[in-house]
Each structure stands twice: as C-alpha cells, then as structure tokens.
Number of protein chains: 2
Amino acid sequence: MVRAGLTAERLARAGAELADEVGFDRVTVSELARRFDVKVASLYSHIRNSHELKTRIALLALEELADRAADALAGRAGKDALVALADVYRDYAREHPGRYAAAQYRLGPEDAAGSAGVRHAQMTRALLRGYDLTEPDQTHAVRLLGSVFHGYVSIEMGGGFSHSAPDSQETWSRILDALDALLRTWPSS
Amino acid sequence: MVRAGLTAERLARAGAELADEVGFDRVTVSELARRFDVKVASLYSHIRNSHELKTRIALLALEELADRAADALAGRAGKDALVALADVYRDYAREHPGRYAAAQYRLGPEDAAGSAGVRHAQMTRALLRGYDLTEPDQTHAVRLLGSVFHGYVSIEMGGGFSHSAPDSQETWSRILDALDALLRTWPSS
DNA sequence: CCATTTGCCTAAAGGCTTTAGGCTGGCGCA
DNA sequence: TGCGCCAGCCTAAAGCCTTTAGGCAAATGG
C-alpha cells in the first residue's frame, strides 16, 4: 500500500485550496481525506482536530497576505503606498475568497501572537510614515485603515455593493482618495 | 401530551437568544429542539431547514438593529447623529454578539431585498444630509461609513484591538472625529 | 537484516440534518 | 354537543461529520 505522504503542512495547503473552491466554512476533515484518497482517521495523526486544521489554514493565509503586502509596499510611499496596500487586501480576497475568510478565523492568543498579524500592523504603520502622524494618532489611523479595508472587502464579497450604482471599483477609488486626504489633514486631539 | 406551541417566529427569537449565548455558528436545529423540549424532527414543520432558521435570525437581527438606529437618529444631525449611529452598531454587537454575527449571515437576493438592510442604507443617507455631499459622493460615503462601522466592530469583537494600547474606546472616538472631519471636507472628484 | 517507529486502516461511538410516515389533541362546523 | 379533520409532535432511519482506539505494514536506521 503506497503511502500518501501526508503532512500538517500539505493538509493546510490543500485545505486552503479547498477553501477557495467551496468556501472556508465547508472545509472539512472528511473532504480533505477524500482529496488525498485516504481514510478520514488517517488525518488525525497529523492534525489534532478540525480546529487545528482551520487554524493552520488561517495562519497560512495571513502569511501569504503579509508577503504580498510587503511586496506591494516596497519602494512606494504616501498615497501610492496606501492604494497598493489596500489593493493587496481587496485583490487577495477576490482571488482567494476561501483563504481570505480563513484569515478572519478567530485565533487563540497563542496562535495570534505567532501569526503574521503582527507584520500586518507593522506594515500599516510603515505606510503611515508617509503621513505626518505621531502616537497615539498613528495607532488610531492603523486601526481605521484596518477597519476600512476589512470592512469594505467583506461587505463587497458578501455582495453588499453589487446591486446598486455606482460600481464598486469607483467607490473603492474614491474612498482611497478620501482616506489619503484624511491622513494628510488628520484632526489632532 | 401538551403541545409546545412552536412557530417559525418563536424559533427565530429563541435562536437569536441561543446565538448570543453560544455564538451564531453554534446555533443548531438540534440545540433549539432541546431548548423547547421537543424532538428535532418537530422543528421541520415550521422551518424548511437549518439555513432558513439562520436566515430568520439574521432578518430579525437586521430589523432590531434598524429600529435602534432609527431611534438613535431621531432628533439628531451632523456629528451628533454620526456618533449615535456608529454607537448603535458597536453597542449592539457588544450586547448581542450572536445576533450581530447573524446580521452578517449571507442572504439570498430574495431575502436581502425584503430585509431591513435597505433601511440601514437609507438611514446612513439621511445622516449624510447633515453634511454637504451630492451624488455620487453620497453613495461613496454611505459605503465608507458602512465599511468602517462593520470593519471596526468585527475586528474589535475578534479581540483585534484588545492587546495593545491605547484602548479601543479611545480609538473609536478619534475615528469618529476623523470621519466627521472627512465628511465636512470630502474631496470632490 | 531486523526492530522500531511511523503512517494509514478498520471499527465504532456520538452529534447534526433532513425526510417519511404515524398518532392525536383540538378547532370548526353541524 | 359531537365528530371529523388537520396541524403539531413523535418514532424511525439514512447520510454525513468528528474523534478515539487499536491493528498491520512500510520505512528507517542501527
């Protein structure tokens, strides 16, 4: 009997693909076993349980996203950087809806600390160096940007903007214009 | 044998309470049956399936949220109204995390059209009358506010802001200040 | 070359969803 | 008041998912 060569890593990668195909919430240990043409119980030698599988997929997505963000930010500053970073999130969500959903999976403090989530915050901070903000406003701005990016993308993915004019791309551009303007004239306390 | 007096309505209400207690994703037809001290199959005379149950809970939450928003907006304008509306979302999410999650449940176009989602958009539009925006900027602004509110609240609920200074309330206030300033000086195309 | 570890399998228990079909308490009508 | 009918709950059963326990065989390394 030929062995399938399972690994926690490979399972997570396959799980990420599965998520993009059928949705993160339908990623199931059983379905994954089917894909590897292996019995379900076999997966439990590699992952503790379903939660660990999802966590690994989430961590993987966060890494990928952070890598893309780092790439996009390289050599850019100011509004250029703002738009680039924003597009990274939006594009990733469109290309990999399942992974994007996974990135929202709630992690325990343990996993969260070791995740790429930290890098995300740092990069947003780096981006803000192109604007003139000092603490604590910088932190407020980091949180605002995170909220807008995630909020917009998740509403858009949910179809929230698809049944009314103007089209979503137009709004996205105008929102980024507005955020840029806001960051340049941030109202200090 | 005394009848339990089940109803799609009562099931949805009980489901909403259950969601707040254990989380929306753990709302289950089985658990609900247990709460009514009734066999699982009995519920299927009132709801078509699990999806319909969740949809009804979502619609209920959207309704409640819209009612609160309408209340909060009454007699207010400008920044006052902005803060009031924003707090409605945030407070609702804190008081009723399960219902808030339910409100994010993806509805079919059918249900979406008949939902209170429409009222939400209209109220945000009404709020913007306190600022000087005309179409299509008004729509862009509606979408921005929706993104910020939803994005911030969902990150906050996920614990995203809880492990770093400054505290979340402070950021929330400053973000609302910033949005107010932005709306007053919205960069026209 | 064989001993041990590692990887996948069978078996089984327990939970959730959904459908089919049966019994009965009550409401409506005569 | 009495009776029939139907709505409302039940039992049964199938199908899928998770998770644990224990077994056999393929790799690995001494």
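In what follows, every chain begins at residue 1, and chains take the letters A, B, ... in the order their sequences are listed.
Taking a 6.0 Å sphere around CG of B:D67, one finds it holds more than 12 heavy atoms contributed by other residues, nucleotides or ligands. Remark: B:N49 CG is packed, more than 12 non-hydrogen atoms of other residues, nucleotides or ligands lying under 6.0 Å away.
For the residue pair B:A66 and B:M123, the shortest heavy atom distance occurs at O-CE, 3.4 Å.
The aromatic ring centroids of B:H96 and B:Y92 lie less than 6.0 Å from each other. Ring centroids of A:H51 and A:Y105 are separated by less than 6.0 Å, placing the two rings close together.
For the pair B:Y89 and B:H150, the minimum side-chain heavy-atom distance is 4.5 Å or more.
Remark: nothing in residues 8-19 of chain A comes within less than 4.0 Å of DNA chain D through any heavy atom.
Using a 3.5 Å distance cut-off with no hydrogens or angles, the side chains of B:T55 and B:R106 do not pair a donor with an acceptor.
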Between B:E64 and B:R68, is the salt bridge (charged side-chain N to carboxylate O under 4.0 Å, His left out) condition met? List the steps.
CA-CA 6 Å; B:E64 275 188 11; B:R68 286 195 182 201; 5.6 Å; no
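Between the P atom of D:dC10 and the CG atom of B:D37 lies a distance of 8 Å, rounded to the nearest Å. The CG-P distance, from A:L43 to C:dT6, rounds to 18 Å in whole Å.
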Summarise how protein sits on nucleotides 13-19 of chain D as a single string, 5' to 3': B when a protein heavy atom is under 4.0 Å from the base, S for sugar-phosphate-only contact, - for no contact.
----SBB
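A sub-4.0 Å separation between OP1 or OP2 of D:dC9 and a side-chain N or O of B:H46 is present.
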